[in-house]
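Order of the sequence lines fixes the chain letters, A, B, ..., with proteins taken first and strands second; residue numbering starts at 1 for each chain.
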Amino acid sequence: MKDNLVVFNTLSRKKEAFKSINPHRVGMYVCGPTVYGDPHLGHARPSITFDLIFRYLEHLGYKVRYVRNVTDVGHLENDADEGEDKIAKKARLEQIEPMEVAQYYTDSYHFAMDKLNVKRPSIEPRASGHIIEQMEIVEQILEAGYAYESNGSIYFDVEKYDKNYKYGVLSGRVLEELIANTRTLDGQDEKRNPADFALWKKASPEHIMRWKSPWSVGFPGWHLECSAMSHKYLGDEFDIHGGGMDLLFPHHESEICQSQIAHGQNPAKYWIHNNMITVNGQKMGKSLGNFINLEEFFEGSHKLLEKAYSPMTIRFFILQAHYRSTVDFSNEALQATERGLSRLMQASETLEKLKASDKSTENVQELKSAMYEAMNDDFNTPILIAHLFEAVRIINSVKDNKAYLTETDLNELKSVFNTFVFDILGMKKESDESGSNQITEGLMELILDIRAKAKENKDWTTSDSIRNKLNQLNINVKDTKDGAEWSIEN
RNA sequence: GGUCUCGUGGCCGAGCGGUUAGGCAGAGGUCUGCAAAACCUUGUACAGCGGUUCGAUUCCGCUCGAGACCUCCA
């Protein structure tokens with residue numbers, strides 16, 4: 001299975017066979033959050049996408065070092081501002097320390113990711129903890145002659161780079177076109193060329209986050225941290241560099257330039273980019289009023305939401321689309337997902353109770369191969385999920401004695417189903433939180449016992465009344481051949 | 001304006017040069033005291049117009065529409 005994985009590499013714009021640099025290990029770097037605001041839907045997509053990839057690579061037997069940074073230095077707001085970075089801006093607004101803001105939002109990011117069952121990366125380095133490493137790269141690039149100083153700031157010389165290396169290998173941009181289309185912005189007079197980007201910025205007096213450097217008291221340029229930290233923890237060349245498509249240009253393109261000069265090569269063998277999220281067909285943006293925090297989803301507190309959607313609903317919804325497609329959030333679509341997910345989860349419980357037969361009517365091996373085939377084809381989770389629903393059909397049919405599985409097949413199905421649903425897709429059961437304890441179990445047994453007696457006496461009034469009242473408490477009662485079953489609805 | 005992506009049945013969302021994606025919703029049926037659940041059956045979908053082809057939703061061109069990046073953003 002390990003040999004069949006194919007991934008779409010943005011660098012070649014093609015699907016390529018995945019061959020790790022080291023046969024047993026994979027190094028993966030993913031651009032993490034800028035911690036200056038509440039975690040929102042936009043954070044969920046890359047986290048879940050690369051969590052899936054992380055989980056699947058581990059499942060295939062790779063030892064994965066997954067590095068995802070925390071940007072706590074803050075990027076430049078834009079080239080036009082006076083060098084104030086985002087985190088400093090927010091800090092003054094709220095009258096607290098910049099690091100306090102970064103810590104607060106780092107924590108809330110982690111909290112939301114935990115709810116979404118996103119595994120923590122192997123290393124989560126902070127930009128502010130790697131200023132020295134970033135300054136080293138600036139020095140290397142200066143020494144190599146691909147950067148110049150201008151008024152205390154250091155800029156990368158893109159034009160020179162383009163002459164000796166090819167600029168735009170990742171994004172497909174052509175330098176001349178880029179220059180021709182650059183808008184005239186303030187504060188660009190320091191640059192020789194509008195396409196040049198900052199490696200080090202001199203801090204203006206009001207800029208709070210600042211470090212001493214040979215060039216000025218200032219802060220690192222906004223592409224540098226990823227080059228520095230990926231190199232420190234993963235080396236000159238590692239397997240996967242990931243992030244959202246919006247980072248493709250100029251962020252990742254600039255990273256390639258920096259690494260090429262400082263470390264002699266494009267840092268990553270495979271560049272993987274997840275697509276974006278839209279809400280009701282529109283890009284999610286703060287100005288559009290459709291910017292929804294994850295907490296608002298979980299609580300249903302945003303005005304666009306008809307109800308609360310659980311973390312697992314969000315996760316499953318994202319996984320039902322391929323990571324390279326945009327995914328559109330709407331109440332209707334989320335509620336459809338919610339029902340489908342509930343069927344899947346019910347089936348996982350049914351599966352544990354199934355009884356084996358001496359013959360099989362279903363081909364479990366074929367289903368298993370189909371699931372691996374889907375995942376090996378550039379992590380095609382929608383296809384995988386389609387096959388999981390095929391498994392659901394089998395599970396329910398076996399329960400109804402309309403299909404049969406041998407002991408071996410049943411065990412295989414359990415193993416395959418649980419592996420893909422829980423280990424690889426990273427779903428988890430949510431009902432446990434609101435769930436049962438011994439007292440409830442006992443009470444329910446008692447109540448359903450009384451109802452069973454009423455049913456025996458054909459006292460439908462009593463039995464229906466018990467069921468209706470339980471329904472009102474969100475307890476669902478189903479009569480089956482083996483007696484009544486109950487479950488708590490979310 | 002430049003670069004690029006996409007346009008699939010009521011909704012979401014895969015895929016492919018000729019054969020059922022899947023989920024949700026709808027219709028019919030089986031089961032059931034009823035209900036729920038489950039299972040079975042059911043949908044002549046591939047933006048429009050041309051072209052290539054024995055055959056295109058799938059390839060090419062154009063048109064229309066949507067979106068992304070180019071500017072902080074995942």
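Residue Asn476(A) has no polar side-chain atom (N or O) positioned under 4.0 Å from OP1 or OP2 of rA37(B).
Using a cut-off of 4.0 Å between Lys/Arg side-chain N and Asp/Glu carboxylate O, Lys453(A) and Asp459(A) are scored as not salt-bridged.
A straight line from CE of Met345(A) to C1' of rG23(B) spans 14 Å, rounded to a whole angstrom. Distance, Asp328(A) CG to rA68(B) P: 12 Å, rounded to whole Å. For the pair Arg45(A) CZ and rG13(B) P, the interatomic distance rounds to 10 Å; values are reported in whole Å.
Figure legend. rG1(B) is base-paired to rC70(B); pairs are counted as Watson-Crick or G-U wobble with both atom distances under 3.5 Å. With both pairing distances under 3.5 Å, rC6(B) is matched to rG65(B) as a Watson-Crick or G-U wobble pair.
Along RNA chain B, the nucleotide nearest Arg339(A) and the nucleotide nearest Phe317(A) are compared for position; the residue whose nucleotide lies closer to the 5' end is Phe317(A). Mapped onto RNA chain B by nearest heavy atom, Gly340(A) and Lys402(A) fall at different nucleotides, with Gly340(A) at the one closer to the 5' end.
Taking 3.5 Å as the limit, the base of rC31(B) and the side chain of Asp400(A) contain no donor-acceptor pair of atoms between them. Put simply, the side chain of Arg467(A) and the base of rC34(B) share a donor and an acceptor less than 3.5 Å apart.
Heavy atoms of Ala386(A) sit under 4.0 angstrom from at least one base atom.
His273(A) pairs with exactly one of His241(A), His252(A), His251(A) by the ring-ring contact (aromatic ring centres under 6.0 Å, His included) rule, that one being His252(A).
With both ends at atom P, the span from rC59(B) to rC12(B) equals 22 Å, rounded to whole Å.
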